**Q** 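Before we start, here is the structure in question, set down as structure tokens.
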Amino acid sequence: MRLDCSTMKGEGVWGFRSMLRQWGIMQPVPFLVSDIYKKILLGKDIRHMSTIGKSTNIVWHKCTVDKLDRQELLQQKGCVIWITGLSGSGKSTLACALSRALHLRGKLAYILDGDNIRHGLNSDLSFKAEDRAENIRRIGEVAKLFADAGIICIASLISPYRKDREACRSLLPEGDFIEVFLDVPLQVCESRDPKGLYKLARAGKIKGFTGIDDPYESPINCEIALQQKGKDCLSPSDMAETVISYLEEKGYLQA
Ligand SMILES: Nc1ncnc2c1ncn2[C@@H]1O[C@H](COP(=O)(O)OS(=O)(=O)O)[C@@H](OP(=O)(O)O)[C@H]1O
Ligand SMILES: Nc1ncnc2c1ncn2[C@@H]1O[C@H](COP(=O)(O)OP(=O)(O)O)[C@@H](O)[C@H]1O
């Protein structure tokens with residue numbers, strides 16, 4: 001093939017582009033030429049430059065130590081155990097029992113509890129629907145980082161809306177988001193009322209309380225449903241064992 005150099009005159013790096021075009025290399029050229037050029041100028045591979053939300057011109061930085069290395073070190077697989085249920089259903093109690101049971105087995109877990117995260121990272125958020133959604137989104141993103149660290153992350157928050165929980169599920173590889181539904185009837189939760197919040201909600205002193213005047217959407221396809229049978233409730237340690245059996249069966253307790 002003969003190259004027509006006249007078309008390249010005065011084109012600089014773009015001359016190289018038209019040269020490639022004459023060779024029939026069309027598609028990669030816009031990336032190839034300008035990116036190699038910028039790579040030389042900026043000393044960075046910006047081929048995977050992205051815009052995510054309001055963040056423009058951002059580049060993912062990869063490290064040579066990855067999730068598999070960390071899992072090997074910890075002899076477990078990072079995942080997220082997402083405990084959802086009404087206030088008073090026993091989410092925090094189960095999270096603690098599970099964390100302890102894993103600890104005793106030499107497995108590293110960390111709890112992200114809704115109440116606790118609202119003391120810091122999410123202290124700017126209220127209980128209106130969009131703030132709950134943002135609360136859940138942020139906890140989902142943090143949980144994803146913990147899972148990437150190789151840790152068994154236990155997220156315990158009401159997370160009342162199905163759509164928000166599904167969005168968190170979609171952040172993780174298939175299987176790594178384990179939704180645990182504490183299926184405890186409202187009247188049981190209300191009779192427990194350890195913080196007196198249901199009483200305040202019934203008296204109209206708290207508006208938009210989940211289960212009273214704000215909805216709770218039960219999971220449809222959760223991995224584990226822990227049901228209250230009749231008047232009896234499984235003990236927290238029995239519930240923790242149910243979750244641990246699931247983790248064992250799915251291979252999360254080994255690298
Ligand atoms: N309006 C209203 N509705 C529900 N819960 C309320 C509300 N106001 C305060 N609280 C207390 O906040 C805790 C729930 O926080 P979460 O972050 O888990 O909620 S959510 O996932 O954003 O819906 C929740 O804690 P738990 O009882 O441990 O679930 C309550 O103690
Ligand atoms: N499995 C259980 N059986 C009986 N009572 C429980 C159980 N789990 C939790 N509780 C009690 O219910 C109340 C609410 O538990 P908590 O873990 O704070 O719920 P949540 O985090 O969902 O609001 C507490 O008083 C706790 O002792």
Side-chain angles (χ1 to χ4, degrees), residues 80-101 109-144 153-169 171 177 179-219 222 224-244:
V80 175
I81 297 166
W82 191 279
I83 306 173
T84 175
L86 290 168
S87 174
S89 58
K91 301 181 297 297
S92 305
T93 306
L94 171 59
C96 284
L98 182 55
S99 181
R100 172 139 296 276
Y110 191 80
I111 301 173
L112 301 175
D113 190 90
D115 249 337
N116 294 357
I117 303 288
R118 281 176 177 276
H119 278 76
L121 177 66
N122 290 351
S123 60
D124 58 327
L125 302 175
S126 75
F127 286 91
K128 63 182 185 207
E130 58 264 44
D131 279 7
R132 287 190 201 245
E134 177 61 9
N135 179 42
I136 294 158
R137 188 192 71 80
R138 287 186 201 169
I139 293 179
E141 289 286 355
V142 174
K144 177 185 167 181
C153 182
I154 307 167
S156 49
L157 61 159
I158 298 178
S159 43
Y161 313 135
R162 213 171 277 139
K163 166 170 79 62
D164 299 329
R165 295 192 301 265
E166 284 312 305
C168 294
R169 177 187 290 278
L171 294 173
F177 183 92
E179 192 174 14
V180 178
F181 175 33
L182 267 184
D183 190 3
V184 181
L186 176 65
Q187 62 267 35
V188 174
C189 297
E190 201 169 346
S191 67
R192 289 177 178 169
D193 204 10
K195 302 169 197 158
L197 297 176
Y198 281 103
K199 205 169 171 210
L200 290 172
R202 289 287 185 199
K205 291 183 181 149
I206 299 178
K207 301 278 181 221
F209 197 80
T210 306
I212 306 297
D213 54 352
D214 212 65
Y216 178 80
E217 299 168 1
S218 304
C222 60
I224 302 171
L226 297 168
Q227 260 169 339
Q228 155 111 1
K229 290 199 182 83
K231 272 201 142 199
D232 301 322
C233 198
L234 281 173
S235 74
S237 58
D238 284 347
M239 290 187 189
E241 285 309 318
T242 302
V243 178
I244 287 187

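Owing to the predicted nature of the structure, the values given are computational and were not obtained by experimental measurement. Read the numbers this way: they start at 1 and go in the same order the structure lists the ligands and their atoms.
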**Q** Nearest protein heavy-atom contact for atom 29 (O) of ligand 1: which residue, which atom, what distance?
**A** K91 NZ, 2.9 Å
**Q** Considering only protein heavy atoms, which is closest to atom 2 (C) of ligand 1, and at what distance to one decimal place?
**A** F209 CD1, 3.4 Å
**Q** Using the side-chain contact (heavy atoms from CB on, under 4.5 Å) rule, pick out the option among R165, K91, R162, E217 that qualifies with T84.
**A** R165
**Q** Determine the minimum heavy-atom distance between P160 and I136, stating which atoms define it.
**A** CD-CD1, 4.1 Å
**Q** List every atom of ligand 2 that sits less than 4.0 Å from any heavy atom of P194, numbering the atoms from 1 in the order shown and giving each element.
**A** 13 (C), 14 (C), 25 (O)
**Q** Rounded to the nearest 0.5 Å, what's the gap from CG on L98 to CD1 on I154? Could you check?
**A**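 Atom-to-atom, L98:CG and I154:CD1 are 4.0 Å apart.
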**Q** Is the shortest side-chain heavy-atom distance between L94 and S156 below 4.5 Å?
**A** no
**Q** Specify the protein heavy atom at minimum distance from atom 26 (C) of ligand 2: its residue, its atom name, and the distance to 0.1 Å.
**A** T93 OG1, 3.8 Å
**Q** I need the atoms of ligand 1 closer than 4.0 Å to a non-hydrogen atom of L157, numbered in the order shown.
**A**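 Checking each atom against L157, I get 18 (O), 21 (O).
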**Q** Nearest protein heavy-atom contact for atom 10 (N) of ligand 1: which residue, which atom, what distance?
**A** F127 CZ, 3.4 Å
**Q** Find the distance between CZ (R137) and OG (S159) and round it off to the nearest 0.5 Å.
**A**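 Taking CZ in R137 and OG in S159, the distance rounds to 15.0 Å.
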**Q** Can you name the nearest heavy-atom pair linking C168 to F177, along with the distance?
**A** CB-CE1, 3.8 Å
**Q** Look at atom 13 (C) of ligand 1 and say which protein heavy atom is nearest, naming residue and atom and giving the distance to 0.1 Å.
**A** D115 OD1, 3.5 Å
**Q** Below 4.0 Å from any atom of ligand 1, is there a heavy atom belonging to D214?
**A** no
**Q** So which protein heavy atom does atom 1 (N) of ligand 1 come closest to, and at what separation?
**A**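 Result for atom 1 (N) of ligand 1: G208 O, 2.9 Å.
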**Q** Identify the heavy atoms of A95 and I111 that sit nearest to each other, and give their distance.
**A**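 Where A95 meets I111 most closely, the heavy atoms are O-CD1, 3.5 Å.
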**Q** Is E166 salt-bridged to K163, cutoff N-O under 4.0 Å?
**A** no
**Q** Looking only at heavy atoms of G85, does any of them come nearer than 4.0 Å to an atom of ligand 2?
**A**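 No; G85 lies far enough from ligand 2 that no heavy-atom distance drops under 4.0 Å.
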**Q** Indicate the atoms forming the closest heavy-atom contact of E179 with C222, along with that distance.
**A** O-CB, 3.5 Å
**Q** Where's the contact between L86 and ligand 2, heavy-atom distance under 4.0 Å: side chain, backbone, both or neither?
**A**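 Backbone only; the side chain of L86 stays clear of ligand 2.
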**Q** Could you identify the single nearest non-hydrogen protein atom to atom 27 (O) of ligand 1 and state the distance to 0.1 Å?
**A** S87 OG, 2.6 Å
**Q** Of all heavy-atom pairs between C153 and L112, which one has the smallest distance, and what is that distance?
**A** SG-CD1, 3.5 Å
**Q** For residues P236 and T93, report the shortest heavy-atom separation together with the two atoms involved.
**A**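 Looking at all heavy atoms of both residues, the shortest contact is CG-CG2, 3.5 Å.
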**Q** Only heavy atoms count here, so choose which of L197, I212, I158, I83 is nearest to atom 18 (O) of ligand 1.
**A**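 The option holding the nearest heavy atom is I158.
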**Q** Just to be sure I read this right, does ligand 2 sit under 4.0 Å from the backbone of R192, its side chain, both, or neither, counting only heavy atoms?
**A** side chain
**Q** Does ligand 2 come near enough to L234 that some N or O of the ligand is less than 3.5 Å from an N or O of the residue?
**A** yes
**Q** Report yes if some N/O of S235 lies less than 3.5 Å from some N/O of ligand 2; otherwise report no.
**A**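 No, no N or O pair falls under 3.5 Å.
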**Q** Do D113 and S92 touch side chain to side chain, with heavy atoms closer than 4.5 Å?
**A** yes
**Q** Going by ring pair (Phe, Tyr, Trp, His ring centres under 6.0 Å), name the residues that satisfy it together with F209, two or more places apart in sequence or in a different chain.
**A**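 Per chain and number, F209 pairs via ring pair (Phe, Tyr, Trp, His ring centres under 6.0 Å) with Y198.
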**Q** With a 4.0 Å cut-off on N to O distance, would you call R202 and D193 a salt bridge?
**A** no
**Q** How far is atom 16 (P) of ligand 1 from its nearest protein heavy atom, and which residue and atom name does that atom have?
**A** R118 NE, 3.7 Å
**Q** Looking only at protein heavy atoms, which one is nearest to atom 23 (O) of ligand 2, and how far off is it?
**A**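 In this structure, atom 23 (O) of ligand 2 has G88 N, 2.7 Å as its nearest protein heavy atom.
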**Q** With nothing but distance in play, are any N or O atoms of S87 less than 3.5 Å from an N or O of ligand 2?
**A**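 Min N/O separation from ligand 2 is not below 3.5 Å for S87.
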**Q** Do any nitrogen or oxygen atoms of M239 lie less than 3.5 angstrom from nitrogen or oxygen atoms of ligand 2?
**A**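 N/O-N/O distance below 3.5 Å does not exist for this pair.
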**Q** As an exercise, identify every atom of ligand 1 less than 4.0 angstrom from a heavy atom of G114.
**A** 17 (O), 18 (O)
**Q** Does any N or O of ligand 2 fall below 3.5 Å from an N or O anywhere on S92, backbone included?
**A**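 N/O-N/O distance below 3.5 Å exists for this pair.
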**Q** Nearest to atom 3 (N) of ligand 1 by heavy atom, K195, K128, R132: which?
**A**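 That would be R132.
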**Q** Heavy-atom contacts with P160 under 4.0 Å: which atoms of ligand 1 show up? List them by number with element.
**A**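 Going through ligand 1 atom by atom, the ones under 4.0 Å from P160 are 21 (O), 23 (O).
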**Q** Ligand 2 versus L94, non-hydrogen atoms closer than 4.0 Å: side chain, backbone, both, neither?
**A** neither
**Q** Is R138 salt-bridged to E141, cutoff N-O under 4.0 Å?
**A**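 No salt bridge links R138 with E141.
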**Q** Under 3.5 Å, N or O to N or O, is G90 touching ligand 2 that way?
**A**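 Among all N and O atoms of G90, at least one is under 3.5 Å from an N or O of ligand 2.
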**Q** I need the nearest protein heavy-atom contact for atom 20 (S) of ligand 1: residue, atom name and distance, please.
**A** N135 ND2, 3.6 Å
**Q** Roughly how far, to the nearest 0.5 Å, is CD1 of I224 from CG of D183?
**A** 13.5 Å
